[in-house]
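Just so we're on the same page: letters track the sequence lines, and every chain starts at 1.
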Amino acid sequence: PLGNLLHDEL
Amino acid sequence: MNVFRFAGDMTHLISILVLLLKIYTTKSCSGISLKTQELYAVVFVTRYLDLVTDFISVYNTVMKVVFISSSLAIVWCIRRHKVVRRSYDKELDTFRHWLLVGACAVLALVVHEKFSFQEVCWAFSIYLEAVAILPQLVLLQRSGNVDNLTGQYVFFLGAYRAFYILNWIYRYYSEQHFTRWISCVSGIVQTALYADFFYYYFISWKNNSKLQLPA
């Protein structure tokens, strides 16, 4: 899925 | 976004504002480690490469831009500003920070989630952030006396890390979100580095006295 390696934290 | 994560981001932002306030009002960067600031600039530039590839939220984008630009501005001020640069404690700030960069780069090449340019850079930035405060802590220890704003700067930076750990625990229970173990381990190491500083900070706060670190 797209969110797999998405870094939503800063 | 939960309250811990938001508190973490805000204390991070406050720490940078405190640092800018100190430099701006006193026109001095004494007690501030240029090495630590350079490391943070490298951390933000290598971590936020996704700024140009992925869009997460307006909040996320704005914060990333703020962190990159403020860290570069601080480095510029200490190096180039005609008044500020005179107060830089060059002889106290001798930590060999490029060794940290090299060690973290090697570690990132070995330990990462996925072998891609962006993911290796991301892992590198996480490792480097964990140890980036070291030159600053060494500088404070060498100079002994810590002025209020510098003390608050380091305090808010440490608070930011502590809130992020609470955020991961919260996300684990509320969203079944598993924070990447690379972040977790590095985050715990990073927070632990502040333990000593926190101890002396609270003592000075409790006694209402000036923050002094033991030699």
Got more than 12 heavy atoms from elsewhere within 6.0 Å of [atom1], [X]?
X: Tyr59(B); atom1: OH; answer: yes
X: Trp205(B); atom1: CH2; answer: no
X: Phe198(B); atom1: CZ; answer: yes
X: Phe55(B); atom1: CZ; answer: yes

Using side chain to side chain contact (heavy atoms under 4.5 Å, CB included) as the criterion, point out the one residue from Gln118(B), Arg47(B), Arg180(B) that pairs with His7(A). Arg180(B)

Euclidean distance, Glu9(A) CD relative to Asn167(B) CG, rounded to 0.5 Å: 4.5 Å

Look up atom CG in Asp8(A) and atom CZ in Arg171(B), then write down how far apart they are to the nearest 0.5 Å. 4.5 Å

Tell me, do Leu10(A) and Arg5(B) make a side-chain contact under 4.5 Å, heavy atoms counted? yes

Tell me, side chain or backbone of Tyr48(B) under 4.5 Å from chain A's heavy atoms, or both, or neither? side chain

With only heavy atoms counted, which part of Asp50(B) is less than 4.5 Å from chain A, the side chain, the backbone, both or neither? side chain

